[in-house]
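Here is the structure we will look at.
Counting starts at 1 for both ligands and their atoms, following the listed order.
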Amino acid sequence: MRTYLVTGGAGFIGSNYIHYMFKKYDNEIRIINVDVLTYAGNLENLKDIEDRENYTFVKADICDKEAISKIFAENDIDRVVHFAAESHVDRSIKHPEVFVQTNVLGTAVMLNCAKAAWELPDGTFKEGKKFLHVSTDEVYGSLPDDKNAFFYETSPYEPHSPYSASKASSDMLVKAYMDTYKFPANITNCSNNYGPYQFPEKLIPLIINNALQGKKLPVYGDGKNVRDWLFVEDHAKAIDMVQEQGRLFETYNVGGHNEKQNIEIINIIIDTLQEMLPADDPRRALVSKDLITYVEDRKGHDRRYAIAPDKIKAEIGWYPETDFATGIKKTIAWFFEHEDWMKNVTSGDYQKYYDDMYANK
Ligand code: NAD
Ligand code: DAU
């Protein structure tokens with residue numbers, strides 16, 4: 001039975017990945033989820049799997065070398081899937097140091113502890129061990145408004161925000177470990193994800209949440225920045241496929257070929273909400289395009305992201321299965337069914353509940 005050490009598994013993509021993995025492998029794998037539970041980590045995301053015998057949650061900081069080494073010492077870890085990070089660009093503009101601490105130092109600790117646990121006396125590594133570093137397309141910087149320009153694995157790194165600079169630094173550390181020690185790793189650089197459990201500071205859940213309450217829908221700058229949106233389950237699938245079928249030491253770009261301007265996304269969300277809300281639902285009267293409000297642009301705002309997922313498709317056969325029209329309906333349906341989740345994360349109550357539940361554990 002393969003044992004996975006997943007970092008940041010209580011966050012948006014990490015929790016979707018854990019659900020995906022148990023759906024796919026059921027009792028054939030064991031998952032240890034290490035998460036320090038920042039504002040973005042929410043154990044409610046994992047409620048339906050928390051009692052599984054092949055699942056363990058450990059509340060720990062990836063920067064805490066002692067805690068991470070202990071997990072490696074007590075468990076024969078076969079796979080590391082490293083999601084844990086500070087992930088929101090706007091927060092990084094206000095608090096850059098936290099991003100360096102978690103994203104750079106935390107990755108260094110994860111690499112160091114995995115290397116110490118997996119390295120043999122002759123400097124090679126135990127058979128079959130693998131580390132996957134989950135990264136972002138933002139490390140490549142910004143593309144011009146040209147439909148034929150894409151990010152490739154060979155594109156130069158040109159990060160602009162403290163977030164993307166910290167992720168670029170963490171990628172460079174992983175690359176250095178692969179080059180220097182032949183450390184068995186892969187990197188995935190993925191485009192913008194959306195789907196269930198996404199924290200409502202990010203564009204799509206923020207717009208859904210605000211629109212349903214008749215609150216303003218803030219559009220940064222001219223609203224014409226382009227992002228390449230991928231349904232989160234397709235990302236989870238890509239990570240698993242890269243780890244099991246990809247060539248070690250390689251980077252794979254993951255993207256949906258689904259580029260849309262922010263203002264298009266907002267209009268689609270409003271149209272879809274109006275289509276999906278029952279005729280007698282009082283929120284129908286609140287959801288309106290009049291809520292769209294242009295606000296000051298994000299500092300250093302990248303203009304356009306677009307991934308060329310050619311390599312992962314050609315080598316591994318991965319492709320995005322969920323188109324945007326289907327994915328956004330699934331996402332909105334999930335938010336309709338999980339009103340309490342949204343209320344909890346916006347009120348902060350969930351944080352207290354889980355702090356109490358896991359106190360001294
Ligand atoms: P998220 O902010 O929703 O979740 C991050 C998780 O990491 C949280 O559970 C948080 O508690 C945990 N965490 C933060 N600091 C930690 C620490 N010091 N120790 C242990 N745990 C810690 O993020 P996400 O959107 O799920 O992103 C996950 C990963 O995927 C990140 O590495 C991000 O850079 C990358 N990524 C995200 C996207 C996207 O669109 N969201 C796209 C590409 C890549
Ligand atoms: O590209 C992958 C990245 O996607 C990930 O690495 C990051 O972790 C993730 O947060 C995301 O970064 P973005 O900055 O692209 O996502 P965000 O949802 O914050 O913003 C998407 C676009 O929408 C961006 O152009 C800024 C704009 N925006 C965002 C918010 C929150 C608005 O216009 N209004 C808003 O209120």
- Is it the case that one hydrophobic cluster holds both Tyr319 and Val254, taking links as side-chain heavy atoms less than 4.5 Å apart, direct or via other members? no
- Any idea which part of Asn192 is under 4.0 Å from ligand 2, heavy-atom wise: side chain, backbone, both or neither? both
- Which protein heavy atom lies closest to atom 28 (C) of ligand 1, and at what distance to 0.1 Å? Phe83 O, 3.6 Å
- Please state which part of Gln101 comes within less than 4.0 Å of ligand 1, counting heavy atoms only: side chain, backbone, both or neither. neither
- Checking heavy-atom distances from atom 5 (C) of ligand 2 to each of Phe151, Tyr163, Phe12, the winner is Tyr163
- Heavy atoms only: which of Cys63, Ser191, Ala85 is nearest to atom 42 (C) of ligand 1? Ser191
- Message: As a quick check of understanding, evaluate salt bridge (charged side-chain N to carboxylate O under 4.0 Å, His left out) for Arg247 and Glu315, giving each step before the final call.
- Response: CA-CA 9 Å; Arg247 286 182 293 137; Glu315 285 191 16; 2.6 Å; yes
- re atom 36 (N) of ligand 1, the protein heavy-atom contact at minimum distance is Ile13 CD1, 3.9 Å
- Item | Closest protein heavy atom (residue, atom, distance) for atom 9 (O) of ligand 1 | Asp35 OD2, 2.5 Å
- Item | Common cluster, Leu46/Ile32, ILVMFWY with side-chain heavy-atom separation under 4.5 Å | no
- Quick one: does ligand 2 sit under 4.0 Å from the side chain of Arg298, the backbone, both or neither, non-hydrogen atoms only? side chain
- Just heavy atoms, cut-off under 4.0 Å: does Ser164 contact ligand 2 by side chain, backbone, both, or neither? neither
- Message: Test of understanding: given a 4.0 Å heavy-atom threshold, classify the contact between Thr102 and ligand 1 as side chain, backbone, both, or neither.
- Response: side chain
- Take every heavy atom of Tyr197, measure it against each atom of ligand 1, and state whether any distance is under 4.0 Å. no
- When you look for heavy atoms under 4.0 Å from ligand 2, do you find them on the side chain of Leu203, its backbone, both, or neither? both
